[in-house]
Colleague: 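The structure is given below, and queries will be raised subsequently.
Residue numbering restarts at 1 for every chain, and letters A, B, ... go by the order of the sequence lines. Heavy-atom basis, side chains included; hydrogens, waters and symmetry copies ignored.
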Protein chains: 2
Amino acid sequence: MKIQHRSLGEEVYRRLLRLILDGKIPVGKWMREEKLCDELGVSRTPLREALIRLVQEGVLEQQPRRGCIVRQLEQDEIKQMMECRRLLECMVLKEWFNGIDREEIKKLDEKLRVAEETGGETLRINVLEADEKLHEIIVSTCDNHFLVEQVRRLQLLCRPYRVLRCAESEDLVAILAERRRIINAILNNSAEDAVAGLSAHFETSRKYYIDENK
Amino acid sequence: MKIQHRSLGEEVYRRLLRLILDGKIPVGKWMREEKLCDELGVSRTPLREALIRLVQEGVLEQQPRRGCIVRQLEQDEIKQMMECRRLLECMVLKEWFNGIDREEIKKLDEKLRVAEETGGETLRINVLEADEKLHEIIVSTCDNHFLVEQVRRLQLLCRPYRVLRCAESEDLVAILAERRRIINAILNNSAEDAVAGLSAHFETSRKYYIDENK
DNA sequence: TTATTGTATATTGTATACAATATTTCATAA
DNA sequence: TTATGAAATATTGTATACAATATACAATAA
């Protein structure tokens with residue numbers, strides 16, 4: 001077994017995290033050690049190291065003597081998680097409002113404008129991407145390492161539950177309007193309006209986070 | 001080796017965490033695996049499980065092929081951590097202000113009053129305890145699991161750096177006045193003043209968190 | 001002396017064997 | 001048929017052996 005600069009445990013941790021966040025390993029699935037060892041080509045020691053890390057992150061849930069499963073958040077927990085994100089991200093936006101990268105916001109604005117004209121499936125994909133991008137711009141403004149880490153961690157934990165179910169184009173239009181409100185408020189240097197917009201965005205985006213059980 | 005309900009790994013994790021938070025294992029110390037195994041009477045596997053958990057928590061720092069050391073935060077990092085706590089705890093106090101347990105606050109107030117009359121070393125100890133208690137009352141008001149978890153985690157990370165260096169009694173008097181401002185504001189239902197008081201408290205308490213290197 | 005390099009030792013990283021427990025299977029009885 | 005329970009199997013938890021690397025130390029040369 002070749003030894004690398006990054007340990008196998010770390011490597012496996014990253015790979016498993018990616019697989020879970022992308023939904024390749026679905027929520028509620030048992031993480032059978034031997035099976036994963038075969039698939040990843042490592043022994044149980046580094047695999048278990050990765051599992052422990054993921055448990056500590058809150059991505060997996062450990063049941064004594066039964067193993068780890070991909071954490072299945074209850075509807076109520078998802079709600080709390082989104083509420084926590086709303087509070088934290090709004091706070092970041094408010095406190096670091098002056099430092100926000102206006103150029104990036106302008107780029108995002110332009111991209112959305114183009115997507116809007118194109119419409120169709122492209123639009124839907126762009127709306128999803130723009131959403132991630134907007135949250136990323138906001139959090140990256142914050143220079144407090146600890147706060148950034150906490151916000152990012154919550155963003156990760158949300159990922160497996162995120163589904164954009166806007167079959168109707170009215171939804172897309174409404175979502176776009178919401179984004180534009182935030183973007184415009186930022187470009188107009190209106191912190192209060194931007195925060196209010198972001199807060200409202202979290203309120204409405206709740207319905208796009210579903211419980212797999214339902 | 002007797003098997004318990006809680007796994008050895010978990011048990012070792014808790015014991016090490018306690019030792020570190022209480023300063024029994026000082027900041028900057030190398031966590032030599034074999035030595036710790038001997039002291040705790042376990043093999044390397046559960047010990048390493050505990051170390052990995054502590055690394056993921058940010059309590060330890062891992063250096064590839066060299067092992068884990070108790071994380072030694074820079075002065076700047078401590079500052080950031082305290083700033084993060086200030087933002088989060090002030091937010092909690094503001095958002096959950098109505099839910100705060102006034103009875104507990106009154107008890108705390110009474111205890112401080114008694115300690116103040118006693119003075120001396122008792123006073124110093126009580127001031128320290130009261131500080132912990134106040135922060136605990138505030139965070140326990142919050143019913144958002146994720147937010148509580150994050151605030152508590154930061155409080156833990158702070159612990160090893162906390163030193164109350166008030167040789168002069170004027171310091172104690174000033175600190176007491178600060179506490180009383182918060183307590184009174186809460187009892188008078190003045191959210192704004194309570195938040196302002198808590199914020200100020202974080203500002204002044206900065207100097208009681210020292211960098212071991214200095 | 002001081003710097004450098006090779007060797008011995010210490011220490012972490014990984015694989016594997018064994019122990020303890022959970023789950024499944026299947027035979028038997030009501 | 002269905003329920004029960006014991007044996008077989010699967011799976012996690014722990015200990016240990018070995019591999020890979022880092023550190024310490026001694027020998028040698030400048």
Side-chain angles (χ1 to χ4, degrees), chain A residues 1-20 24-72 213, chain B residues 1-20 24-72 213:
Chain A
M1 179 59 59
K2 207 177 78 187
I3 301 299
Q4 313 180 1
H5 180 67
R6 264 217 305 270
S7 74
L8 281 176
E10 190 123 351
E11 185 63 30
V12 170
Y13 162 73
R14 293 179 189 228
R15 289 177 66 181
L16 288 179
L17 182 60
R18 170 58 63 97
L19 287 170
I20 292 166
K24 304 279 171 56
I25 302 179
V27 146
K29 183 123 183 168
W30 285 96
M31 303 290 277
R32 291 300 166 202
E33 297 181 0
E34 207 153 0
K35 182 166 166 286
L36 289 169
C37 287
D38 288 347
E39 288 172 8
L40 300 173
V42 297
S43 77
R44 280 181 62 212
T45 306
L47 180 86
R48 280 175 64 87
E49 177 176 331
L51 294 183
I52 292 162
R53 292 179 119 102
L54 292 166
V55 167
Q56 209 67 8
E57 288 280 313
V59 175
L60 299 182
E61 183 191 329
Q62 190 169 29
Q63 299 188 10
R65 288 274 167 202
R66 298 190 67 216
C68 301
I69 59 179
V70 182
R71 188 169 171 193
Q72 166 89 58
N213 278 334
Chain B
M1 180 60 58
K2 206 177 81 187
I3 300 300
Q4 315 179 2
H5 180 67
R6 264 216 305 271
S7 74
L8 281 177
E10 190 122 353
E11 185 64 29
V12 170
Y13 163 72
R14 293 180 189 228
R15 289 176 65 182
L16 288 180
L17 181 59
R18 169 59 63 99
L19 287 170
I20 293 167
K24 304 281 171 54
I25 302 178
V27 147
K29 182 125 183 168
W30 285 96
M31 305 290 278
R32 291 299 166 202
E33 297 182 0
E34 207 153 358
K35 182 165 166 287
L36 290 169
C37 287
D38 288 346
E39 288 172 10
L40 299 172
V42 297
S43 78
R44 280 181 63 213
T45 307
L47 179 86
R48 279 176 64 89
E49 176 177 330
L51 294 183
I52 292 161
R53 292 179 118 102
L54 291 167
V55 167
Q56 208 67 9
E57 288 278 314
V59 174
L60 299 182
E61 183 191 327
Q62 190 170 30
Q63 298 189 10
R65 287 276 168 201
R66 298 190 65 215
C68 300
I69 59 178
V70 181
R71 189 169 170 193
Q72 167 90 57
N213 278 336

Colleague: Nearest whole angstrom, please: distance from the C1' of D:dT11 to the CD1 of A:I69.
Modeller: 15 Å
Colleague: Please report, rounded to the nearest Å, how far the P atom of D:dA10 is from the CG atom of A:D38.
Modeller: 14 Å
Colleague: With a 4.0 Å cut-off on heavy atoms, is B:R44 in touch with a base, just the backbone sugar-phosphate, or nothing at all?
Modeller: base
Colleague: Quickly work out the B:L40 CG to D:dA15 C1' distance and round it to whole Å.
Modeller: 16 Å
Colleague: Please give, in whole Å, the distance from D:dG13 P to B:E11 CD?
Modeller: 15 Å
Colleague: Using a 4.0 Å heavy-atom cut-off across all strands, classify A:R48 as base, sugar-phosphate, or nothing.
Modeller: base
Colleague: C:dG13 P sits how many Å from B:E49 CD, rounded?
Modeller: 15 Å
Colleague: I need the B:L51 CG to B:Q56 CD distance, nearest 0.5 Å.
Modeller: 12.5 Å
Colleague: Checking side chain to side chain contact (heavy atoms under 4.5 Å, CB included) against B:L36, which of B:E33, B:E39, B:E34 comes through?
Modeller: B:E39
Colleague: Does the side chain of A:S43 get closer than 4.0 angstrom to OP1 or OP2 of C:dA15 through an N or O atom?
Modeller: yes
Colleague: Do the side chain of A:R65 and the base of D:dT12 come within less than 3.5 angstrom through a donor-acceptor pair of N or O atoms?
Modeller: yes
Colleague: Given C:dT14, C:dG13, D:dG13, which nucleotide is nearest the side-chain atoms of B:Q62?
Modeller: C:dG13
Colleague: Return the minimal non-hydrogen interatomic distance between B:C68 and B:Q62, and the atom names on each side.
Modeller: SG-CG, 4.1 Å
Colleague: Rounding to a whole Å, what distance do you find between A:Q63:CD and D:dA10:P?
Modeller: 21 Å
Colleague: Select from B:M31 and B:T45 the residue whose nearest nucleotide in DNA chain C is closer to the 5' end of that strand.
Modeller: B:M31
Colleague: Do the side chain of B:R6 and the base of D:dG13 come within less than 3.5 angstrom through a donor-acceptor pair of N or O atoms?
Modeller: no
Colleague: Rounded to whole angstroms, how far apart are CD1 on B:I52 and P on D:dT14?
Modeller: 13 Å
Colleague: Answer yes or no: is there a side-chain heavy-atom contact under 4.5 Å between A:Y13 and A:E57?
Modeller: yes
Colleague: Salt-bridge test for B:E49 and B:R53: reply yes if a basic N is under 4.0 Å from a carboxylate O, no otherwise.
Modeller: yes
Colleague: Whole-Å distance between D:dA24 P and B:W30 CH2?
Modeller: 10 Å
Colleague: Between D:dT14, C:dT23, D:dT23, which nucleotide gets closest to the side-chain atoms of A:R66?
Modeller: C:dT23
